[in-house]
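Atoms considered below: every heavy atom in the structure, side chains included; atoms not considered: hydrogens, waters and symmetry mates. Note that ligands are numbered from 1 as they come in the structure, with each ligand's atoms numbered from 1 the same way.
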Amino acid sequence: MSFKSLGLSEPILKAILEKGYETPSPIQAKAIPPVLEGHDVLASAQTGTGKTAGFTLPMLHYLSENPKDKYRPIRALVLTPTRELAAQVFENVKEYSEYLNIRSAVIFGGVNQKPQVAKIRQGVDILVATPGRLLDLESQGLLSLKRVEMFVLDEADRMLDMGFLRDIERVMKLMPDKRQNLMFSATFSKDIKKLAYSILNNPVQVEATPENTAVEIIEQKVYRVAKGKKTGLIIKLISEGNWQQVLVFTRTKHGANKLTKKMASAGITAAAIHGNKSQGARTKALAGFKSGKIRVLVATDIAARGLDIPLLPHVINFELPNISEDYVHRIGRTGRAGAEGQAISLVSADETTYLKGIEKLIGESIEVEIVEGFEPDPNASTEPIKPGQNRNKGRGGSRSSNSRNSGGNKSSNRNRSRNRSRNRN
Ligand code: ADP
Ligand code: MG
């Protein structure tokens with residue numbers, strides 16, 4: 001199987017070659033042909049499997065092979081849930097369209113709208129957008145979706161988790177009825193299927209499931225520790241292990257900030273990435289982490305969603321997530337592409353219930369270690385932290401969708417829907 005045999009045009013093949021891709025990934029091989037044929041498509045595959053090219057390449061092919069209007073109305077719209085994802089998709093669009101006469105733009109909130117509006121005014125064929133800014137500019141009469149021929153809902157599961165259903169419905173009303181619709185998602189839940197029914201017409205459904213579940217490739221370990229000693233322990237583990245690229249999950253934004261400061265004063269370069277950070281700060285943190293300038297990236301679940309972070313040797317749960325499935329999503333950040341990874345969780349007494357839930361979900365118990373000087377507090381309460389104490393709750397809680405075993409694991413899906421309904425109450 002080659003990109004050429006999928007029927008993509010020469011300029012696109014050239015750009016792919018320059019990206020260094022040799023063969024289409026399984027989800028690309030499955031999704032690209034029906035998209036090129038003009039079908040509506042529902043595609044699901046775990047994070048990191050190349051879904052972006054799965055819709056971008058055939059979209060570029062279609063638009064460039066069927067030029068329409070020299071004034072360039074928006075002909076293709078890609079909706080993504082977060083600014084980072086929008087920026088990432090846009091980067092991909094730009095790279096793959098390098099040798100095509102195609103113009104594209106990206107819009108998201110949190111930054112001045114003026115440059116975005118100016119860009120759109122010049123005419124763009126493809127617009128990548130987050131829902132809020134899109135609806136905002138549309139209602140100001142600064143852009144029109146009346147000529148959209150192709151609509152892509154990327155990271156659809158995260159869209160739902162983040163409460164964008166209403167916005168998606170509003171966006172759909174702004175586009176012509178006759179259009180091609182594509183939906184890409186990391187997971188394949190009942191809610192996703194429901195959304196698919198309302199957006200897609202006679203969709204072709206494609207799915208690529210990973211062979212191994214996270215649990216098989218990733219070495220997992222729990223450190224039982226007193227709550228107040230977690231910071232000391234994490235600093236010790238990172239310094240003594242001389243770990244260079246570590247992703248740390250905290251439950252709250254506040255916790256992420258606090259931990260980042262403590263790391264910095266211990267001489268470990270760290271940055272936090274979460275919803276309260278400015279766009280500039282987030283982009284900088286991510287770039288610094290990818291380039292190796294920043295050793296530790298501290299993230300909340302929502303901020304980490306779908307981010308294209310390369311294979312990570314170490315993922316640490318500074319706190320366990322209160323939704324068991326999030327654990328699997330988080331540790332899926334390590335051990336990618338068959339390489340080995342280590343997932344460590346610092347667990348205090350009040351997280352015992354969460355740990356039990358996680359072990360039940362993954363079907364095994366996780367090795368426990370206690371480090372001298374960082375022992376658990378024997379008098380601490382084992383009462384779970386109440387979900388109400390979770391500052392991240394708000395829009396969609398702290399769910400994440402970076403699953404390695406999504407789709408393939410029935411028990412995890414069951415668990416997810418149970419947790420979801422609980423969250424809604
Ligand atoms: P997803 O949306 O499924 O999470 P992305 O589209 O972000 O995945 O792709 C993940 C990574 O894989 C990116 O760095 C991308 O450049 C790379 N990639 C995509 N397709 C291929 C391919 N055919 N061969 C090699 N690498 C690829
Ligand atoms: Mg993606």
What about E22: any of its N or O atoms under 3.5 Å from an N or O on ligand 1? no

Distance check, rounded to the nearest 0.5 Å: K178 atom NZ versus E149 atom CD? 8.0 Å

So for T23 against ligand 1, with non-hydrogen atoms under 4.0 Å, the contacting part is backbone

Which residue from F184, Y21, F3 reaches closest to atom 15 (C) of ligand 1 through any of its heavy atoms? Y21

Ignoring hydrogens and angles, tell me if any N or O in the side chain of R103 forms a donor-acceptor pair with the backbone of I126 under 3.5 Å. no

Is there a polar contact, in the sense of an N or O pair closer than 3.5 Å, between T47 and ligand 1? no

Which bit of Q46 is near ligand 1, meaning a heavy atom under 4.0 Å away: side chain, backbone, both or neither? backbone

Less than 3.5 Å between some nitrogen or oxygen of P24 and one of ligand 1, yes or no? no

Do K14 and Y99 form a cation-pi contact, if we require the NZ or CZ to be under 6.0 Å from the six-membered ring centre and within 45 degrees of the ring's axis? yes

What atom name does the N, O or S atom of E155 nearest to the Mg ion (ligand 2) carry? OE2

Nitrogen or oxygen of T52 less than 3.5 angstrom from that of ligand 1: yes

Interatomic distance, M159 atom CE to D154 atom CG [nearest 0.5 angstrom]: 7.5 Å

If we only count heavy atoms from C-beta on, is the V78 to F55 side-chain gap below 4.5 Å? yes

Below 3.5 Å, N or O to N or O, backbone or side chain included: is there any such pair between G48 and ligand 1? yes

Pairs of nitrogen or oxygen atoms closer than 3.5 Å, one from T49 and one from ligand 1: do any exist? yes

